[in-house]
Every structure is written in C-alpha cells, then in structure tokens.
Amino acid sequence: MEEAENYRCRRIYLKPSDDPAAQAQAACNALANIDGIELAAPHTESSIHIIYSLDKISFAILIEVLDELDFQMDTSILVSLRNTIFHFLDENAREQIPEQAERIEEVDTDEGETPEIPHADDEQYWKDYH
C-alpha cells in the first residue's frame, strides 16, 4: 500500500430510486474492478462508501464514471457544494503528489552518500573553554 496520505475516503450520494439497478449495490459492483479503488461498499440504498488512491483516480473521475454508467447523482445544493469541495481538494492534492515523489528520491540519493562531518580543532575547544 502506498502513502496513506494519498488515499481518500468519501461518500457518494445517488438519487434515490426504487430500481435495484440504480441503487448503491449496483454502483459498487460497477466500480469494483477499477484501478485505484480500494473499497466500494453501499452505505445506504442511495449512498456509496468509497476509498480510492489519488495517484490513480480522483473524485471527479469517479463521478464521471458513475454518470457514464447511467447512475444518477444526487443534485441537491448541499451535496453539489460538497462534491465541488472534494473536486478542489483532490486536484490540489494530486498536484502535490509528483513533488512528494521527487523529495523522496532526493532523500534516497542523499542516504547513499556519507556526508562529511565537520571536525573542530581540539586546541580551539580548550582555548574557548578557558
């Protein structure tokens, strides 16, 4: 498993429906084999609990996939605002992922080299001590 900070846990709300093919269990089955999704489980009949990896997929892509599979999203104002915030947060976090990888590579290359340890002159220590 990669860095824990690259995983997101979200809830996706579908429009309530009496049709079992449009409910959360069917949506979870459709999302089950997509790369980057660690968990897709129904929370209620019209909501999905999902855990996904940001380096492979984003919240916006998940919503688009469900839309393409003809699952209708809840379009209430609060859920729409919440989804917009999730889109923003994911995009900002995804922009930071390459920088994190570069920093890790820099640390790995630095560990292979032994840095020079500065040695103080012993005589200087005793002069300063007196």
Side-chain angles (χ1 to χ4, degrees):
M1 199 176 221
E2 294 109 31
E3 300 267 339
E5 63 192 29
N6 291 341
Y7 286 88
R8 295 295 182 264
C9 179
R10 304 278 192 241
R11 191 164 297 143
I12 298 174
Y13 291 94
L14 303 172
K15 215 174 245 188
S17 174
D18 291 331
D19 181 13
Q23 292 180 347
Q25 184 61 52
C28 290
N29 293 340
L31 295 173
N33 294 321
I34 295 177
D35 190 31
I37 296 178
E38 300 297 319
L39 172 75
H43 184 259
T44 65
E45 288 181 354
S46 60
S47 68
I48 303 166
H49 176 79
I50 192 159
I51 298 174
Y52 58 95
S53 175
L54 274 179
D55 55 350
K56 296 180 182 171
I57 199 164
S58 71
F59 189 76
I61 294 170
L62 290 171
I63 297 298
E64 287 177 22
V65 167
L66 288 170
D67 190 44
E68 287 178 15
L69 295 172
D70 293 326
F71 289 98
Q72 294 186 1
M73 301 293 118
D74 184 346
T75 56
S76 67
I77 188 74
L78 291 177
V79 172
S80 296
L81 179 62
R82 181 182 145 283
N83 289 350
T84 302
I85 292 169
F86 287 160
H87 292 281
F88 176 77
L89 292 173
D90 278 9
E91 291 308 311
N92 281 339
R94 285 173 63 101
E95 289 173 3
Q96 301 299 316
I97 289 174
E99 292 176 13
Q100 292 172 359
E102 289 172 7
R103 276 188 251 136
I104 290 169
E105 289 175 6
E106 288 175 7
V107 170
D108 289 343
T109 57
D110 290 345
E111 288 177 1
E113 304 169 3
T114 54
E116 289 186 33
I117 300 172
H119 296 284
D121 184 22
D122 288 339
E123 293 299 319
Q124 183 64 36
Y125 171 78
W126 289 111
K127 288 178 187 174
D128 292 342
Y129 180 73
H130 293 298

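The first residue in the sequence is number 1, and the count goes up from there. All figures in this text were calculated on a predicted structure; none of them were measured in a lab.
- When all heavy atoms of Phe71 and Ala21 are compared, the pair lying nearest together is CE2-O, 3.3 Å.
- In this structure, CD1 on Ile61 lies 10.5 Å from NE2 on His87, to the nearest 0.5 angstrom.
- The distance from atom CD1 of Ile50 to atom CD of Glu38, rounded to the nearest 0.5 Å, is 10.5 Å.
- Atom NE2 of His49 sits about 11.0 Å away from atom CD1 of Ile12, to the nearest 0.5 Å.
- Heavy-atom minimum distance, Ser46 versus Pro16: CB-CA, 4.1 Å.
- Between Arg94 and Lys56, the closest heavy-atom pair is NH1-C, 4.0 Å.
- If you chain together hydrophobic residues whose side chains sit under 4.5 Å apart, Leu14 and Val65 fall into the same group.
- Glu64 pairs by the side-chain contact (heavy atoms from CB on, under 4.5 Å) definition with nothing, not counting sequence neighbours.
- Closest heavy-atom contact between Phe59 and Asp90: N-OD2, 2.9 Å.
- Cluster annotation: Ile57 is connected to Leu54 through the hydrophobic network of ILVMFWY side chains, with a link wherever side-chain heavy atoms come within less than 4.5 Å.
- Remark: Arg10 qualifies as a cation-pi partner of Phe86 under the 6.0 Å distance and 45° angle criteria applied to the six-membered ring.
- In summary, the side chains of Gln96 and Asn92 do not present any donor paired with an acceptor at a separation below 3.5 Å, with no hydrogens or angles considered.
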